[in-house]
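Bear in mind the structure is a predicted one, so any value in this text is a computation, not a measurement. Positions are given from 1 along the sequence.
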Amino acid sequence: MTDETTSRAMVHALLADGTTVCIRPVVRGDHAQVQGLFEEMSADNLRLRFFSVSRRSAVLAADRACAPPRPGYRALLAETKGQLIGLAEYDTGESRNQGEGEGEGEGEGGGGGGDTAEISVAVADGLHHRGIGTLLVEHLVSAARAEGVRTFTADALSENREILQLFADLGLRTARRFEGPEVRCTIALDEDDAYLTAVEARGRAADVTSLVPLLQPHAVAVVGAGRKAGSVGRAILRHLHTGDFTRRLFAVNPSATSILGVPSCPSVTALPLTPDLVVVAAPAAAVPAVAEECGKTGVRALLVVSAGLDSAQAQALMTSCRAYGMRLVGPNCLGISNTEPELCLDATFAADHPRPGTAGVAVQSGGVGIALLSGLSRLGIGVSSFVSLGDKYDVSGNDMLQWWESDGRTDLALLHLESFGNPRIFSRTARRVTRRMPVLTVDAGRTVEGRRAAASHTAAAATRTMTRQALFTQAGITATRSVSELLEAAALMHAQPLPAGPRVAIVTNAGGAGVLAADACAEAGLDLPQFTAETTGELRALLPEGATVGNPVDATAAVTEEQLRDCVRRITRCPGIDAVLLTLVPTAVAAATGDDLVRALTRTRGTRPPKPGGTGESVLGVRPVVAVRLEQDLPVTLLSADDGGSVPSYAEPQSAARALAHAVHRAAWLGRPAGTVPELRAVDTRRAHEVAGAYLVAHPDGGWLDPRTCAELLACYGIPQLAWAWAETENDAVLAAERLRGPDGRVVMKAHWPGLLHKSEQHAVHLDLQGDSQVRAAFRDLETRFAGLLTGVVLQPLAARGTELFAGVVQDQVFGPLVLFGLGGTATEVLADQAARLAPLTDLDVHDLITAPRCAPLLFGAGGGGPVDLEGLEQVLLRLSRMASDLPQLAEADFNPVLATPGEIRVLDARVRLLPRRPQDPYLRRLR
C-alpha cells in the first residue's frame with residue numbers, strides 16, 4: 001500500500017475519554033512499532049494475547065501485520081501523536097502461510113472461509129479502558145462487511161475478561177463456546193439497529209466528553225486581542241471579561257502585558273498554564289502557526305473566528321487539530337457561549353451578552369446567530385449554549401445536538417445549517433433528540449440562488465431542497481422558512497403544551513379580525529370545527545348579547561375581561577378542540593370600562609394570585625392558547641401569566657397559525673411509533689453485487705444498463721416487471737410478439753440504444769401493435785429513423801388500464817439514496833407531483849410516500865375505481881429502497897410508469913444507471 005493510499009484510508013475518531021486517535025491500515029514501515037507494541041507488553045498481557053510468553057511472538061506478529069497486502073487479511077492500527085497504541089486484524093485464511101503464528105492464541109486458531117474471519121485485538125499496556133480496542137473492532141467490522149465477511153471468530157482464554165467484555169458490548173450477536181480454559185467466540189456482523197444504537201451510544205459519550213474543553217473550559221486564552229479598539233479579538237476578550245467568566249482568562253499579544261485588565265503573554269507557550277480553549281482571532285496567514293503552537297502546548301480546543309483561509313491554510317489548521325487531538329469550532333464564525341452560572345462563558349463578538357436560558361443554538365451564519373440571540377433574549381427564553389459553526393471544519397450540528405441532549409439544561413434546540421457533513425448520523429441523532437425536546441431549523445437554501453450562496457458562504461456542498469426536506473421530515477425536525485418563523489414556533493413550543501390535533505377554535509372581539517384568523521388557520525392546514533349544541537348554549541349564556549358563538553366566536557367589542565376569560569376557559573375544556581387562538585383589537589369600550597382583555601389570558605379569576613405551588617384558575621391548561629394582537633409592534637412576544645406560565649402573542653394571525661401548525665406536526669410525529677425497516681423475502685444481494693460488478697468491469701466509467709442487465713438486477717430484489725422480450729432483428733421481433741400477445745393480441749415496441757432516456761419525446765415507442773405485419777412495420781420504422789443508434793427493441797404486451805405512477809431513486813453523494821414517488825407517465829415532470837424520503841425506508845416512511853402526493857386519493861379508490869394493490873405498491877418501494885441501500889454504485893433508477901391496478905403492481909419501464917463507487921459506511925465512527 002502506497003503512502004498516498006494509506007493517507008486516503010486514514011481516519012480520525014474519538015476515544016471514550018474524548019481524545020482523538022488516528023485509525024489507518026498497517027504498512028510495511030510500521031514493523032518496528034508493531035513489534036515494539038508487543039515487546040513492551042507485560043508478561044500477563046502477552047500470555048492473554050498469545051496464550052504463552054514467547055520471544056518470537058512479537059516478531060511473528062509484526063511480520064504478519066506488516067506483510068504485503070493479501071486477500072482475506074486486514075490489519076488496522078490506532079495511533080496518537082505518532083505513537084502506536086493498538087492493533088486489530090482479521091484473516092479469512094485464504095492466503096495464510098502454513099505454520100505462521102505457531103503457538104499464538106486469540107484470533108489465530110482454526111481455518112477460515114471467504115465469509116468467516118478470525119479476529120485479534122491488542123492494546124498497549126496502560127491504555128486499556130479508553131475504547132481503543134472497541135473502536136478498532138468497529139472499523140474492522142465495517143471493512144469486513146465491505147469484503148463480504150459475515151462472521152468473526154476469536155479464541156480467548158476464559159480469564160481474559162476484557163476481550164470477552166469487548167465482544168459482548170459491541171452490540172452484535174455473539175455466541176460463546178467453552179473448550180477447557182479457552183472460549184471460542186462467534187460474532188455475526190449483521191448491521192441492525194441494535195448494533196447502530198450501541199455504536200451511537202459509544203460515539204455520543206466520546207463526543208460529549210471531547211466538547212468539555214470547548215464549552216466548559218477551565219482556562220481560556222485569546223490570540224489576536226489588540227491593544228486598540230476595533231479588533232475582533234479585543235471584542236471577544238472584552239465579552240469574556242465583562243461577562244464575568246468565572247475561570248482563568250488570558251490574552252496573547254507580543255506587545256502587551258495586560259489588555260483590558262486581562263493578563264497578556266507574548267505567546268501561547270509563555271502562558272503560566274495550558275488553557276483548555278484558545279480563541280484565535282489572528283490574520284488568516286498566521287492561523288496555521290498558532291494552531292501548531294497550541295497543539296504542541298497541549299491545548300484541547302480551538303475557536304477560530306478568523307476568516308479568509310485558503311486551502312493550504314485550512315489543511316494546515318486541520319492537520320494540527322487532528323495531530324494533537326484538538327476540537328475546532330470555525331473558522332469564519334461569531335464565537336461560542338455557555339451561560340451556566342458557574343461558568344459565564346461568552347466568547348463572541350455579538351453586540352450584547354446572551355441572556356441565560358434553556359435554548360441551545362447552533363448556526364453557520366454569524367448574522368443569523370445574532371438575530372436568534374437577540375430574539376431569544378427578547379422573548380425571555382434565553383440560551384443555554386450557543387455555537388457559531390462557521391465553515392464547520394470539525395464541530396457540527398450533530399455534535400451540538402448530543403451536547404444539548406446530555407447537558408441537563410437545554411429543552412429547546414435551534415439550528416441553522418447550510419451544509420451537512422454526515423446527514424445519516426445527523427438523522428439518527430436528531431430522531432433520538434427530538435423525542436426529548438423540540439428541534440427547530442431554518443430551511444436555508446431552498447432556491448437555486450440560495451443554494452449557490454450557501455455553498456459560497458460556507459465553502460461546502462449545497463444540499464438539494466427535496467433531500468434536505470426529507471431529512472427534516474423523517475427526523476422530526478421542525479423546519480421553518482425564516483428566522484422570524486423559527487422564533488414564532490419556538491415561542492409556542494417553549495411556552496405552551498402541544499396540541500393533540502389540528503382543531504382550532506378562534507375567539508375575537510372584532511368580526512373582521514376573526515375572518516383574518518380563520519383564513520390564516522385554513523391556509524396553514526388547521527381545522528375550524530363547529531361546537532356542540534351544549535358548548536354553543538354555554539357560550540351564548542357567557543357572552544354579551546349579539547355575540548356570534550360559531551367558530552370563530554365573535555364576542556363583540558362589549559365583551560368584558562371576565563366574560564372573555566370564562567369563554568376561553570370553557571372552550572379549552574371542549575373535547576372537540578385542540579387549541580385556542582384569541583384575536584384581540586383595542587377598543588374604546590374596553591378602555592372606558594377599565595377592562596384589559598389581555599389579562600383574560602394572564603390573570604387568574606379576580607385579582608387573587610394563585611396559591612403557592614398552585615395554578616389558580618388560569619385559562620392556561622393542557623391545551624395551547626395563543627394570542628394575536630394586531631396592534632403589537634414586535635412579531636412575537638411572550639405574555640407572562642401570574643400562574644407562572646406564559647402565552648405567545650403574535651402581531652399577525654398568519655404567524656400564530658404557522659406556529660400552531662408546526663406544533664401540530666410535532667405532536668403527530670411524537671405520537672407515531674418509531675418505524676422499522678421490514679424484512680424482505682426473495683432478495684439476492686450477493687447476486688446483485690455480482691451483476692453490478694460485472695457491468696462496471698465491462699463499462700469502467702459506468703452508464704445506463706441495457707434492458708437485460710436492468711431486468712436481471714431488478715429480479716435480484718423481486719421487483720415485479722411486466723413480461724418483456726428483447727429482439728435485435730425483425731424476425732426476432734415477430735417471434736417475441738407471438739409469445740407475448742395477451743387475449744387482445746396487442747403488443748408495444750420500444751426502441752433501445754445506450755443513452756436513450758425519454759422514449760416518448762424521441763417518438764421511439766409504437767403502441768397497440770396487432771398482427772405480424774404491424775410488428776414488422778414498426779421495427780422497420782425504428783430501424784430506419786434511428787439507423788446507427790438502434791441496438792434492439794423491447795416488446796411487451798399492451799398493459800391493462802390502471803393508474804400510472806413513478807418510483808425512482810437518486811444517490812446523493814452526501815445524503816445517500818433518496819427514494820421518490822408520485823404520479824407517473826408523461827405528466828411526471830410537468831406536474832412534479834412527487835414525495836421523497838431517504839433510504840432505507842421504514843414501514844412508516846413508505847406509508848408517508850404513498851399518501852403525500854396529490855395523486856394519493858386515486859390510489860385509495862377516489863373516482864370509483866377501487867383502491868390499487870397498496871401492499872404490492874409498498875413492496876415495490878421497499879425493494880427499490882433496499883436495492884439503493886445495498887448498491888452504492890446505483891447512481892439513479894427510474895421506474896416510469898409503474899402500473900397500479902386493484903390486482904397487481906407492475907413496472908412497465910425501468911432505467912438504472914451505475915457508477916464506479918466504493919461502499920462507504922455512513923455510520924462508522926470518525927471525525928469529519
Nearest heavy atoms of E874 and V846, plus distance in Å: CG-CG1, 3.4 Å
Heavy-atom closest pair, residues A206 and R925: CB-NH1, 4.5 Å
For the student: nearest non-hydrogen atoms of A65 and V26, plus distance: O-CG1, 3.5 Å
Validation row: L899, L722 side chains within 4.5 angstrom (heavy atoms): no
Intermediate values then yes/no, side-chain contact (heavy atoms from CB on, under 4.5 Å), Y717 and L878: CA-CA 10 Å; Y717 291 91; L878 287 169; over 6 Å; no
Chi angles and distances behind the side-chain contact (heavy atoms from CB on, under 4.5 Å) call for L914, V912: CA-CA 7 Å; L914 301 183; V912 174; 4.1 Å; yes
All side-chain hydrogen bond (donor to acceptor under 3.5 Å, both in side chains) counterparts of Y90, not counting sequence neighbours: none
pair V141-L172: side-chain heavy atoms closer than 4.5 Å: yes
side-chain hydrogen bond (donor to acceptor under 3.5 Å, both in side chains) partners for E690, two or more places apart: R687
Residues in side chain to side chain contact (heavy atoms under 4.5 Å, CB included) contact with A198, at least two apart in sequence or another chain: R202
Stepwise side-chain contact (heavy atoms from CB on, under 4.5 Å) test for T473 and W669: CA-CA 9 Å; T473 299; W669 190 87; over 6 Å; no
Short N-O contact, D848 and R672, less than 4.0 angstrom: yes
Note: R428-D193 ion pair, threshold 4.0 Å (strictly below): yes
T685 and R882 side chains, donor-acceptor separation under 3.5 Å: yes
Heavy atoms from other residues, nucleotides or ligands near NE2 of H689 exceed 12 (cutoff 6.0 Å): yes
Salt-bridge contact R322-D394 (side-chain N to carboxylate O under 4.0 Å): yes
Salt bridge (charged side-chain N to carboxylate O under 4.0 Å, His left out) partners for D869, two or more places apart: none
Nearest non-hydrogen partners of L790 and A751, listed with the distance: CD1-CB, 3.6 Å
R173 CZ: over 12 foreign heavy atoms closer than 6.0 Å: no
Minimal non-hydrogen separation, N398 against F426, with atom names: OD1-CA, 3.4 Å
I23 versus L136, closest heavy-atom pair with distance: CD1-CD2, 3.8 Å
Face-on cation placement of R708 at W724 ring, 6.0 Å and 45° thresholds: no
Min side-chain heavy-atom separation L170-T134 under 4.5 Å: yes
4.5 Å side-chain heavy-atom contact, L401 and R432: no
Partner set under side-chain hydrogen bond (donor to acceptor under 3.5 Å, both in side chains) for T174, not counting sequence neighbours: none
Trace of the side-chain contact (heavy atoms from CB on, under 4.5 Å) decision for V898 with F806: CA-CA 6 Å; V898 176; F806 164 84; over 6 Å; no
Non-neighbouring partners of D684 that pass side-chain hydrogen bond (donor to acceptor under 3.5 Å, both in side chains), sequence neighbours left out: none
